[in-house]
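Below: one structure in structure tokens.
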Amino acid sequence: MRKPFIIGNWKMNMGFDEAYEFIDGLIERLSTQQLDVFVGIACQSPLLVPMIAEFYHEEIFLGAQNCNDHLSGAYTGEVSATILNEIETDFCIIGHSERRQYYNETNESVNKKAKLLLDYDIKPIICVGETLEQFENNHTKEVIEKQVKDCLKDLDIKKCVIAYEPIWAIGTGKTATTAIAQDICSLIRENLRAMYGDKADEVTIQYGGSVKANNIKELMACPDIDGALVGGASLNLDEFVAILTYE
Ligand code: 13P
């Protein structure tokens, strides 16, 4: 039985004061709820240290939005899996389309990052997804299959989370229809089954791309969707709580 995992990806938003106010509010609002999902927030790296210290005993997982594919060295401006481990980061998003697009992240580096994170006891949230052009030209299946094969090879797969985020649905207000989201998440699981056998059934697969309070319920009803990676809507406390309590 896979317990769903919903993560708010704050991207490059939220300063210290806003973040504290948000998490305090979130804890208070969730204290009266019986949640059926794990909850995570991925914030900017400098926020992680104080947030992890402050919210250590709370049932909210805190994560980074990237790490480097080397453990240490002359990589100015980068963050290592080792230091994320030292500050007790729970998870780290890797391979997000914004990093693939603006910082040339490749499937190979995503695979290296996932291995380093697992070595350092941090859950990798591994993003895959096709561009609008690939979607319109009916290349989604082959793009996703290649990303899965290359990003997810030789991993302790049960400890990983996969996030299917069609790039054309990110920040655009366009959500993939539930049928598309389910189809691709199921395709991902089928490919995982070919690589890892029955372990595929234990892997959490999230959907991401314009997830809101008004579409989460339908998405979560899909058999292969086990949660969501939420961008814009995770910056608003009311909206995010409504997403977490979608039932
Ligand atoms: P939006 O929810 O703003 O479309 O962003 C999705 C995303 O990129 C989450 O990682």
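Just follow the structure's listing: the first ligand is 1, and inside any ligand the first atom is 1. Only heavy atoms go into these numbers, but all of them, side chains included; no hydrogens, no water, no symmetry mates.
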If you round to the nearest 0.5 Å, how far is CG of Leu47 from CE of Met14?
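Met14 CE to Leu47 CG: 9.5 Å, rounded to 0.5 Å.
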According to a 4.5 Å side-chain heavy-atom criterion applied to Ile, Leu, Val, Met, Phe, Trp and Tyr, with indirect links allowed, do Val230 and Leu62 form part of one hydrophobic cluster?
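Val230 clusters together with Leu62.
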Which protein non-hydrogen atom lies closest to atom 3 (O) of ligand 1, naming both residue and atom, and how far is it?
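In this structure, atom 3 (O) of ligand 1 has Gly232 N, 2.8 Å as its nearest protein heavy atom.
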Report, in ascending order of atom number, the atoms of ligand 1 lying under 4.0 Å from any heavy atom of Gly171.
1 (P), 3 (O), 4 (O)
Say whether Lys212 and ligand 1 are in contact under the criterion: heavy-atom distance to a ligand atom below 4.0 Å.
no
If I take atom CZ from residue Phe240 and atom OG1 from residue Thr245, how far apart are they, to the nearest 0.5 angstrom?
10.5 Å
How close does the nearest protein non-hydrogen atom get to atom 2 (O) of ligand 1, and which residue and atom is it?
Gly231 N, 2.9 Å
In this structure, is the centre-to-centre distance between the rings of Phe38 and Phe91 below 6.0 Å?
no
Under a 3.5 Å distance rule, please check whether Thr89 uses its side chain to pair with a backbone N or O of Leu84 as donor and acceptor.
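Yes, the answer is positive, given that a donor and an acceptor are paired below the 3.5 Å cut-off.
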Any N or O of Glu98 closer than 3.5 Å to N or O of ligand 1
no
Would you kindly confirm whether Tyr120 and Ile93 end up in one hydrophobic cluster when ILVMFWY residues are joined by side chain heavy atoms under 4.5 Å apart?
no
State the atoms of ligand 1, each with its element, that fall below the 4.0 Å cut-off from a heavy-atom position in Ser210.
1 (P), 2 (O), 4 (O)
May I ask you to identify, for Ala169, whether its side chain, its backbone, both or neither come under 4.0 Å of ligand 1 on a heavy-atom basis?
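Only the backbone of Ala169 comes within reach of ligand 1.
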Relative to atom 5 (O) of ligand 1, which among Gln65, Lys11, His96 owns the nearest non-hydrogen atom?
Lys11
Tell me which protein heavy atom sits closest to atom 9 (C) of ligand 1, plus the residue, atom name and distance to 0.1 Å.
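Looking only at protein heavy atoms, the one closest to atom 9 (C) of ligand 1 is Glu165 OE2, 2.9 Å.
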Option passing side chain to side chain contact (heavy atoms under 4.5 Å, CB included) with Ile243 (candidates Asn214, Ile216, Val37, Leu219):
Ile216
With a 4.5 Å limit on heavy-atom distance, are the side chains of Ile7 and Gln206 in contact?
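They are in side-chain contact.
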Asn9 heavy atoms, cut-off 4.0 Å: which ligand 1 atoms fall inside?
9 (C), 10 (O)
Distance check, rounded to the nearest 0.5 Å: Leu118 atom CG versus Cys160 atom SG?
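One gets 4.5 Å once the value is rounded to the nearest 0.5 Å.
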Side chain, backbone, both or neither: Ile170 near ligand 1, heavy atoms under 4.0 Å
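Looking at Ile170 and ligand 1, atoms from backbone and side chain both fall under 4.0 Å.
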Heavy-atom contact under 4.0 Å between Gly208 and ligand 1?
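The answer is no, since Gly208 has no heavy atom less than 4.0 Å from ligand 1.
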Does ligand 1 have any atom that is closer than 4.0 Å to a heavy atom of Ala42?
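Outside the 4.0 Å threshold, so no.
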